[in-house]
> 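First, the structure itself, so that you have it in front of you.
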Amino acid sequence: MNIQRWIARREPDWQRLDALLQRVEGKGLKSLGADEIKLLASLYRSVSADLARIRTTEASQTLKHDLQALTARGYNQIYQGSRRQEWQSVTTFYLWGLPATVQRNFGYIAVATALFMVGGLIAWWFSWRDPSFMALVLPAELIHKVRDKGELWMGSIVGIEPWASSQIMINNLSVSFAAFFGGVMMFLPQVPLITPPGVFTAYLLFTNGLLIGAIAALVQQNNLAYPFWAFVFPHGALELPAIFFAGGAGLLLARAILLPGTYRRSDALKHYGLEAAQLFGGIIPMLVIAGLIEGFFSPNPAIPDFVKYLAGATLFTLLFLYCRRKPIA
């Protein structure tokens, strides 16, 4: 290969790529038209091939270095620019997309919340009327600690906060995953029966409500309700709504299978599945923040209980206002 002749033939493309990159570096990718963006990508590929070829020749090191720098600039603008766009899309989703998704699917979230609340009220009512009911729902060790020793159990977190926080996050994510995928599961744990989609989601929400309701009655009967709710409220202000969102997402999936409406079932799964995935994806940051609060803030004995109540009320109010956000016209 006549290297000088080849360089003379290819140099105009290098110059064109350099000119385009200077515009992008100065004014951003939006400064290029659609045809220019296609040209930028084409020139980048051809110059990358030129670099690979010239490395096998005896061309000057200066030329090799210049081509390497040119392709590196092209890579940064094309691929790093797309990554910036991806991050912008994520930011836009959490700023506006998630609130809109919550508003569109509020009915499913409300049903999920109602299932939890009904379970809680039933357990609370029966725990007051029949003390033996509580033993059906709660571990005997927990009942003994609260009723006989007059102690709560959250102090065990103090001193192991990082480990406890990570375990709490994992547990909350597991419950949320189960509530979400329960929309398509057709069985209950340890029950050899086929059930309709969504039953597992409803079962999970209801039984978790039973657990909270029984605990609420237990701590109230033993005059420990105030410190107990001071512990629960800060992280619960995010954790419980996140689980309700996951439950609503699971019910959306069940709706797609059971009641596709005017859609074909496959199209219904695509439509409602996308809504459910967006709803479920939005709760991940909520659960991470809730896990940090539950591990480090809620059990901290140095923080007064009224401050914990105030923190919980503030977080819940902010979440409520966030979910009511309307897109800017």
Side-chain angles (χ1 to χ4, degrees), residues 89-122 172-173 175-185 196-210 212-213 232-263 265 267-290 293 312-329:
S89 298
V90 171
T91 302
T92 301
F93 170 72
Y94 281 109
L95 284 175
W96 308 109
L98 179 58
T101 304
V102 170
Q103 293 165 30
R104 285 195 304 270
N105 300 290
F106 179 75
Y108 298 94
I109 298 170
V111 171
T113 305
L115 287 166
F116 180 90
M117 296 300 296
V118 168
L121 289 172
I122 288 174
N172 290 340
L173 285 168
V175 172
S176 299
F177 268 113
F180 176 59
F181 288 108
V184 293
M185 290 173 61
V199 169
F200 180 72
T201 296
Y203 165 83
L204 188 68
L205 292 164
F206 182 78
T207 53
N208 273 271
L210 286 176
I212 292 295
V232 171
F233 202 20
H235 61 270
L238 296 178
E239 181 182 301
L240 289 177
I243 292 174
F244 300 153
F245 289 1
L251 295 177
L252 270 168
L253 293 176
R255 187 290 170 65
I257 298 173
L258 297 174
L259 301 168
T262 57
Y263 294 102
R265 190 163 278 106
D267 292 334
L269 276 171
K270 292 178 183 177
H271 174 74
Y272 292 112
L274 178 60
E275 290 284 290
Q278 290 178 341
L279 196 57
F280 182 76
I283 72 173
I284 305 301
M286 294 169 61
L287 292 177
V288 170
I289 295 171
I293 293 172
T314 301
L315 284 171
F316 184 78
T317 301
L318 291 174
L319 177 64
F320 176 78
L321 294 175
Y322 166 75
C323 290
R324 287 175 56 85
R325 296 189 75 180
K326 299 293 183 182
I328 297 176

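Only heavy atoms go into these numbers, but all of them, side chains included; no hydrogens, no water, no symmetry mates. Because the structure is predicted, anything quoted here is derived from the model rather than measured.
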> Check Gly248 against Ala112 and note the closest heavy-atom contact, atom names and distance.
N-CB, 3.7 Å
> Please list, chain by chain and in numerical order, all residues satisfying side chain to side chain contact (heavy atoms under 4.5 Å, CB included) with Thr317, sequence neighbours excluded.
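If we apply the side chain to side chain contact (heavy atoms under 4.5 Å, CB included) test to Thr317, skipping adjacent residues, the hits are Leu321.
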> Hey, could you give me the CG/CG distance between Leu269 and Leu252, rounded to the nearest 0.5 Å?
11.0 Å
> How long is the straight-line distance from CZ of Phe177 back to CG of Leu204, given to the nearest 0.5 Å?
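Rounded to the nearest 0.5 Å, the CG-CZ separation comes to 13.5 Å.
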> Could you grab the distance from atom OH of Tyr108 to atom OG1 of Thr113, nearest 0.5 Å is fine?
14.5 Å
> Which residues pass the ring-ring contact (aromatic ring centres under 6.0 Å, His included) test with Phe180, not counting sequence neighbours?
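Partners of Phe180 by the ring-ring contact (aromatic ring centres under 6.0 Å, His included) criterion, ordered by chain and then number, come out as Phe280.
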> If you compare all heavy atoms of Phe316 against all heavy atoms of Pro241, which two are closest, and at what distance to 0.1 Å?
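Looking at all heavy atoms of both residues, the shortest contact is CE1-CG, 4.4 Å.
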> Taking the side chain as everything from C-beta on, heavy atoms only, tell me whether Leu315 gets closer than 4.5 Å to Ile293.
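In short, these two side chains touch, coming nearer than 4.5 Å.
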> So how far is it from Phe245 CZ to Ile109 CD1, rounded to the nearest 0.5 Å?
5.0 Å
> Would you indicate whether the side-chain heavy atoms of Val288 and Leu173 approach each other to under 4.5 Å?
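Side chain of Leu173 against side chain of Val288, heavy atoms only: no contact under 4.5 Å found.
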> Quick check: closest heavy atoms across Gly198 and Ala254, and the distance to 0.1 Å?
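Looking at all heavy atoms of both residues, the closest pair is CA-CB, 3.6 Å.
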> Would one find more than 12 heavy atoms of other residues, nucleotides or ligands at under 6.0 Å from atom OH of Tyr94?
yes
> Kindly compute the distance separating NE2 (His235) from CG (Leu240), expressed to the nearest 0.5 Å.
7.5 Å
> Between Asp267 and His271, is any pair of side-chain heavy atoms under 4.5 Å apart?
no
> I need the Phe93 CZ to Thr101 OG1 distance, nearest 0.5 Å.
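OG1 of Thr101 is found 5.0 Å from CZ of Phe93.
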> Hey, are the side chains of Tyr322 and Val102 touching, using non-hydrogen atoms and a 4.5 Å cut-off?
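In short, these two side chains do not touch, never coming nearer than 4.5 Å.
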> Please find the pair of heavy atoms, one from Glu275 and one from Asn105, that lie closest to each other, and give the distance.
OE1-ND2, 2.8 Å
> Do side-chain atoms of Gln103 reach the backbone of Arg325 as a donor and acceptor pair under 3.5 angstrom?
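Yes; judged by distance alone, with no hydrogens or angles, the pair exists.
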> Can Thr201 and Leu253 be said to form a side-chain contact (heavy atoms from CB on, under 4.5 Å), step by step?
CA-CA 10 Å; Thr201 296; Leu253 293 176; over 6 Å; no
> What verdict does the side-chain contact (heavy atoms from CB on, under 4.5 Å) test give for Leu205 and Ile243, after you've listed the backbone C-alpha separation in whole Å, the side-chain angles of each residue and the deciding distance to 0.1 Å?
CA-CA 8 Å; Leu205 292 164; Ile243 292 174; 4.1 Å; yes
> How would you list, by chain and number, every residue that makes a ring-ring contact (aromatic ring centres under 6.0 Å, His included) with Tyr272, sequence neighbours excluded?
none
> Ignoring hydrogens, what is the shortest heavy-atom contact between Ala242 and Met286? Give both atom names and the distance.
N-CE, 3.6 Å
